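Worksheet for the structure shown next.
Predicted model only: the values in this text are computed from it and were never measured. Computed from heavy atoms alone, side chains included, the values below leave out hydrogens, waters and symmetry copies. Residue numbers start from 1 in every chain, and the chains themselves are labelled A, B, ... in the order their sequence lines are given, proteins ahead of strands.
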Amino acid sequence: MTATPPLLPDLSTLPNVEEIGQITTWLAEAGLAAMELANGAGGKLRIAVAPAPAQVATPQPAAPIATAPETVTATAPFFGRLALHHPLRQDPFAPVGSTVCKGDTIALLTIDSLQLPVTAPADGTVVEILAQEDALIGYGAPILTIGA
Amino acid sequence: MSAPRRFNRVLIANRGEIALRIQRACRALGLETVAVHSEADAESRHVRQADIALCIGPAPAARSYLDADALLLAARATGASAIHPGYGFLSENADFADAVEAAGLTFIGPTGASIRMMGDKITAKRAMRDAGVPCVPGSDGPLPAEMDAVHALAAQIGFPVIVKASGGGGGRGMRVVWNAEELGEAVTLTAKEAQQAFGNPTLYLERFMQKPRHIEIQVLCDTHGTALWLGARDCSLQRRHQKVLEEAPAPGIPPDIIAEIGERCAEACRRIFYRGAGTFEFLYEDGIFAFIEMNTRVQVEHPITEATTGIDIVAAQLQIAQGEKLAIRQQDVATHGHAIECRINAEDPLSFMPSPGRITRWDLPGGPGVRIDTHVTAGYTVQPYYDSLIGKIIAHGTTRQEAIARLRVALAEMQVEGVSTNIPLHRDVLADPHFQEGGVDIHYLERWLADRTTP
């Protein structure tokens with residue numbers, strides 16, 4: 001510890017609450033679950049952080065997908081107006097029943113002339129379209145579900 | 001309102017209580033609102049009540065509230081033609097203000113040039129000195145490269161001095177030097193830190209005021225040459241440079257002294273063609289005011305000035321941005337009674353650790369002279385991603401004593417469960433005899449906290 005200036009607390013005493021708070025922040029930022037500090041006197045302090053909540057809130061409550069637990073939902077990677085068809089073609093990118101491969105373009109998000117592709121998160125068959133054509137949808141909004 | 005409006009729909013580029021505060025002002029003026037939000041804030045009150053709500057990114061602010069490109073695209077996608085930045089986040093980002101205007105939208109705030117001038121502490125101080133705003137004795141510019149010259153300068157100013165980063169602020173990038181022996185090392189270290197933290201190693205030097213109070217002047221300027229000052233606030237109760245409780249007016253400082261400083265602030269605004277709301281922050285000790293910095297945005301504590309002057313500062317921001325003339329003159333601005341604001345944070349009242357979680361009980365106080373600004377409702381979840389401010393209680397009374405009494409009743413009535421809050425701290429502070437006397441310095445709260453925890 002001699003070479004390291006006081007980033008970590010002196011372990012002759014227990015870190016105080018604020019120092020523990022700082023350490024938990026560092027752990028969370030580093031994506032670590034826990035760490036253990038020990039000193040020569042045999043003192044030990046284990047600091048564990050609760051796993052980050054996976055998805056805190058979805059912008060609009062997604063349609064219930066209770067009956068199809070093996071579906072994967074494609075969500076909006078940005079916001080914009082949803083185009084389920086290519087603007088120059090009649091047929092939709094990924095209608096219900098079509099087969100998609102991970103990475104295929106399944107929709108577009110448009111803001112004026114800007115277009116962003118939405119890609120399939122997994123291989124499979126399109127089960128249900130959850131979003132409306134031409135609706136302004138937010139980041140993370142569910143667009144369609146893909147079944148295995 | 002005969003002239004056509006510049007904008008009818010305002011994008012609120014913020015969250016929490018200030019987003020709701022801005023939305024209220026928009027509504028009162030008949031303007032539509034766009035609430036852009038992160039995934040974590042989808043259930044927030046202002047989001048649910050907005051005319052248009054749009055999730056622009058995930059919880060981390062860097063990918064939502066701080067994402068300038070996303071905000072500009074969101075304005076395009078929703079047809080908003082003005083952006084209110086609130087406080088924090090991008091509110092004092094000159095490049096963002098410029099980008100908003102370059103996109104043909106109205107930035108509800110000063111020009112990028114004004115923000116830039118005030119963001120750099122050296123140019124800000126120079127502009128203030130030129131306008132006759134009193135500044136603390138100091139180097140009046142970047143420190144010379146030669147250490148001998150720095151020593152001569154410090155000796156001339158008089159120890160203790162404080163070494164500050166030109167790009168710093170809010171208590172970051174500064175170091176107190178008590179004697180000449182410590183000066184060299186302090187300059188080297190602070191320059192290094194400033195380079196790392198702000199990308200700019202430029203330093204300046206000022207006399208270190210030992211027991212100052214934090215006094216600030218609210219200004220409001222239109223684009224037709226009118227600049228008003230709306231009285232003073234005392235924000236001396238701070239912990240780690242974070243304000244905890246603010247009051248208006250500043251206890252014990254004669255109104256004619258405030259008026260003189262206020263008039264100089266307004267004059268400085270006229271000289272730099274400042275527009276919108278702003279705050280001049282001063283240290284005040286032994287009757288001397290020393291300019292620290294100008295905040296080029298609405299402040300958390302603006303409601304206490306609204307209470308004492310009766311002026312809706314956020315509505316005024318919107319009207320100024322529409323190009324309207326301020327309807328009042330300086331002689332119409334008066335200070336009525338006394339107002340105090342307590343910032344309610346979701347944090348442990350003893351350790352100050354943030355206390356995120358679901359609020360299960362949220363009983364708010366009321367009664368004459370009590371105002372609550374909050375985005376929180378029962379069942380709301382305090383997110384760990386943002387600051388812990390969950391509301392503000394503002395009490396207004398004919399006298400300071402009455403304001404304190406009303407605030408104490410309000411704090412006693414307020415019941416919060418599910419998260420810890422600093423309400424017990426506020427109750428203790430309001431009961432403290434030195435606070436009740438008025439005029440404590442900026443270190444008082446930290447000393448008081450240290451004494452409280454030392455057995």
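- Shown here for B/Thr78 and A/Leu136, the closest heavy-atom pair between the two residues is CG2-CD2, 3.8 Å.
- Within the 4.5 angstrom heavy-atom criterion, atoms from both the backbone and the side chain of B/Pro58 approach chain A.
- Distance CZ/B/Arg76 to CD1/A/Ile111: 8.0 Å, rounded to 0.5 Å.
- In this view, B/Phe89 and B/Tyr65 satisfy the ring pair (Phe, Tyr, Trp, His ring centres under 6.0 Å) rule, not counting sequence neighbours.
- Remark: A/Phe78 CZ to B/Arg63 CZ distance equals 10.0 Å, nearest 0.5 Å.
- Of all residues in residues 83-100 of chain A, none places a non-hydrogen atom less than 4.5 angstrom from a non-hydrogen atom of chain B.
- For the atom pair A/Leu116 CG and B/Leu73 CG, the distance stands at 8.5 Å (nearest 0.5 Å).
- Within a 6.0 Å sphere centred on CD of B/Glu185, heavy atoms belonging to other residues, nucleotides or ligands number 12 at most.
- For A/Ile137 against B/Leu54, the heavy-atom pair with the smallest separation is O-CD1, 3.7 Å.
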